Enquirer: 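I have a structure I would like to understand better, so I am pasting it below and will then ask my questions one at a time.
Protein chains get the first letters and strands the later ones, always in sequence-line order, with residue 1 at the start of each. What you are looking at is a predicted structure, and each value in this text was computed from that prediction instead of being measured.
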Number of protein chains: 2
Amino acid sequence: MILSRTSQYAIQALIFIATRPSGEPVLNREIASYLGVPSAYLAKIMQNLCKGNLLYSYRGRLGGFCLREGAEKTGLMQILMMTEGPSFTQDCVLGLKVCSDATACPMHAKWLPIKQKIVAILNDQTLEKLARAVQSGKYRLTDLPSTLLAASSRT
Amino acid sequence: MILSRTSQYAIQALIFIATRPSGEPVLNREIASYLGVPSAYLAKIMQNLCKGNLLYSYRGRLGGFCLREGAEKTGLMQILMMTEGPSFTQDCVLGLKVCSDATACPMHAKWLPIKQKIVAILNDQTLEKLARAVQSGKYRLTDLPSTLLAASSRT
DNA sequence: CCAATTTCGGATAAAATCCTCCGAAACAAC
DNA sequence: GTTGTTTCGGAGGATTTTATCCGAAATTGG
């Protein structure tokens with residue numbers, strides 16, 4: 001509905017890393033297989049997040065990725081700026097090139113508060129918080145195995 | 001940020017038709033040139049909206065498209081169901097196949113209220129309301145001509 | 001140094017979305 | 001009926017997004 005696959009993978013991967021002991025590099029292969037996403041593609045995304053100064057990357061035997069110091073405080077909005085670009089918040093709902101308070105599309109007035117709410121929540125949700133939510137066991141980062149999935153839909 | 005081009009074109013076109021005297025067919029060509037969107041592509045979209053029982057279409061000399069009776073009461077959500085499909089509201093923000101109150105992604109609890117708000121607003125905004133907003137002159141359906149655009153950015 | 005492992009970077013493929021073209025069918029005016 | 005206009009329907013092209021592949025560079029351990 002809102003996020004590209006690229007963004008979803010990026011967020012999932014970062015939360016996953018945040019659930020792991022900080023400082024210990026996590027392999028791309030491990031992340032991809034845990035999340036069930038294509039590892040070659042995820043590798044590209046990870047590379048990008050490195051360039052965005054969110055991750056450290058180490059090559060070779062004890063290589064992998066880990067969060068930079070302080071990166072657990074990163075809000076989702078910041079991540080989306082890298083993966084979706086600034087147009088994510090700037091673009092008009094109806095696709096007008098220019099749509100501001102001064103000259104707006106007919107949805108503008110109703111949409112603006114919603115957009116602000118979205119941005120606020122995405123800013124508020126940090127990797128740290130989300131990782132904790134996962135660690136608590138109350139929330140999942142990956143799909144249920146298909147066996148369980150079939151079972152739960154039967155209940 | 002949220003809507004495909006197809007959806008944006010569909011909404012724009014429908015609002016445009018709603019601003020015109022009801023019952024008088026509007027040419028696809030006219031809609032496309034007014035909105036500044038590719039007319040062959042818009043034609044496909046219009047065709048789809050016909051199949052969704054939102055529009056009547058007439059071929060030949062006095063042909064064109066016009067809203068079905070009562071279609072002015074259609075909310076944007078209903079239109080998006082045709083153009084984006086039901087997954088538009090159903091999909092998980094983080095991309096999980098299954099994400100419900102029972103078993104959820106770490107964003108679920110925060111996201112759900114937002115999603116509901118979005119759906120509510122999209123349901124509330126009908127073609128009629130949006131057409132009136134445009135007719136009032138307070139809101140625009142198309143981009144400003146580039147000459148004016150340059151001028152406004154200079155102020 | 002050598003072998004194994006991992007990320008890096010570029011090229012390329014596959015799929016989805018966006019967009020175009022064209023002949024056919026329907027319709028109005030003459 | 002003929003001509004001109006418009007939508008219909010299917011085929012196909014272009015672009016963007018998603019995904020794969022592979023050789024090179026970096027790193028560790030023997």
Side-chain angles (χ1 to χ4, degrees), chain A residues 1-14 17 20 24-33 35-68 80 82-85 87-88 91 94-95, chain B residues 1-14 17 20 24-33 35-68 80 82-85 87-88 91 94-95:
Chain A
M1 174 185 189
I2 269 203
L3 301 181
S4 66
R5 263 204 166 61
T6 299
S7 295
Q8 293 176 335
Y9 292 168
I11 293 174
Q12 288 179 15
L14 287 170
I17 296 177
R20 304 294 298 273
E24 287 182 23
V26 188
L27 293 185
N28 176 71
R29 180 161 37 83
E30 188 188 350
I31 305 172
S33 91
L35 298 177
V37 310
S39 84
Y41 189 51
L42 182 62
K44 295 293 184 199
I45 297 172
M46 300 298 284
Q47 227 173 115
N48 245 337
L49 296 173
C50 287
K51 287 179 187 155
N53 291 335
L54 223 60
L55 291 175
Y56 286 124
S57 70
Y58 305 100
R59 308 213 251 201
R61 270 267 159 85
L62 301 180
F65 298 91
C66 58
L67 293 178
R68 282 174 99 107
L80 291 177
M82 296 181 209
T83 54
E84 307 269 335
S87 68
F88 179 63
D91 284 358
L94 293 192
Chain B
M1 172 187 191
I2 268 201
L3 301 181
S4 65
R5 271 211 157 61
T6 298
S7 295
Q8 293 175 335
Y9 291 167
I11 292 174
Q12 288 179 16
L14 288 170
I17 296 178
R20 305 294 297 274
E24 286 182 23
V26 188
L27 293 185
N28 177 72
R29 179 160 38 83
E30 187 188 350
I31 306 172
S33 92
L35 298 176
V37 311
S39 83
Y41 189 50
L42 181 63
K44 295 293 184 199
I45 298 173
M46 299 300 282
Q47 228 173 113
N48 247 336
L49 297 174
C50 288
K51 287 178 188 156
N53 292 336
L54 222 61
L55 290 175
Y56 285 123
S57 70
Y58 305 100
R59 308 211 251 201
R61 267 265 158 88
L62 302 180
F65 299 90
C66 59
L67 293 179
R68 281 174 101 109
L80 292 177
M82 297 181 209
T83 53
E84 305 271 334
S87 67
F88 180 63
D91 285 358
L94 292 191

Enquirer: Rounded to whole Å, how long is the line connecting atom CG of A/L49 with atom P of C/dG9?
Expert: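 One finds 14 Å between P of C/dG9 and CG of A/L49, rounded.
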
Enquirer: Could you pull out the closest heavy-atom pair between A/L35 and A/Q12, with the gap in Å?
Expert: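 Shortest heavy-atom contact: CD1-CB, 3.7 Å.
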
Enquirer: State, to 0.1 Å, how close B/A13 and B/L42 come at their nearest heavy-atom pair, and which atoms those are.
Expert: CB-CD1, 4.0 Å

Enquirer: D/dC21 C1' sits how many Å from A/N28 CG, rounded?
Expert: 14 Å

Enquirer: Return whichever of A/R61 or B/L27 has its heavy-atom-nearest nucleotide of DNA chain D closer to the 5' end.
Expert: B/L27

Enquirer: Dump the intermediate steps for side chain to side chain contact (heavy atoms under 4.5 Å, CB included) on B/L14 and B/L67, then the final yes or no.
Expert: CA-CA 8 Å; B/L14 288 170; B/L67 293 179; 4.0 Å; yes

Enquirer: Nearest whole Å is fine: how far is D/dT17 C1' from A/I45 CD1?
Expert: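 Value for this atom pair: 11 Å.
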
Enquirer: Keeping A/E84 on the side-chain end and A/L3 on the backbone end, is there a donor-acceptor pair under 3.5 Å?
Expert: no

Enquirer: How long is the line joining CD of B/E30 and P of D/dT7, in whole Å?
Expert: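 In whole Å, D/dT7 P and B/E30 CD are 10 Å from each other.
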
Enquirer: Where the side chain of A/F65 is concerned, which of C/dA28, C/dT6, C/dC8 is the nearest nucleotide?
Expert: C/dC8

Enquirer: Could you tell me which non-hydrogen atom of A/C66 sits nearest to which non-hydrogen atom of A/I17, and how far apart they are?
Expert: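 Nearest heavy atoms, A/C66 then A/I17: CA-CG2, 4.2 Å.
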
Enquirer: For D/dG9, take OP1 and OP2 only and decide whether either is under 4.0 Å from a side-chain N or O of B/Q47.
Expert: yes

Enquirer: Identify which one of A/L49, A/N28, A/L54, A/V26 satisfies the side-chain contact (heavy atoms from CB on, under 4.5 Å) criterion when paired with A/F65.
Expert: A/N28

Enquirer: For B/E84 and C/dA16, give me the distance from atom CD to atom C1', rounded to whole Å.
Expert: 13 Å

Enquirer: Please step through side chain to side chain contact (heavy atoms under 4.5 Å, CB included) for the pair A/I2 and B/D91, ending with a clear verdict.
Expert: CA-CA 9 Å; A/I2 269 203; B/D91 285 358; over 6 Å; no

Enquirer: Dump every N/O contact between nucleotides 17-20 of chain C and the protein below 3.5 Å, one line per pair.
Expert:
from, atom 1, to, atom 2, distance (Å)
C/dC18, OP1, B/R5, N, 3.0
C/dC18, OP2, B/T6, OG1, 3.0
C/dC19, OP2, B/Y9, OH, 3.1

Enquirer: Report the distance from atom CG of B/N48 to atom C1' of D/dG10, rounded to the nearest whole Å.
Expert: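 Spelled out: CG on B/N48 to C1' on D/dG10 is 14 Å.
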
Enquirer: How long is the line joining OH of B/Y56 and C1' of C/dA26, in whole Å?
Expert: 18 Å

Enquirer: Tell me the interatomic distance from A/Y58, atom OH, to C/dC8, atom P, rounded to whole angstroms.
Expert: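 Result: 12 Å.
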
Enquirer: Below 3.5 Å, does any donor atom in the side chain of B/R59 face an acceptor in the base of D/dT7, or the other way round?
Expert: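 Indeed there is one.
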
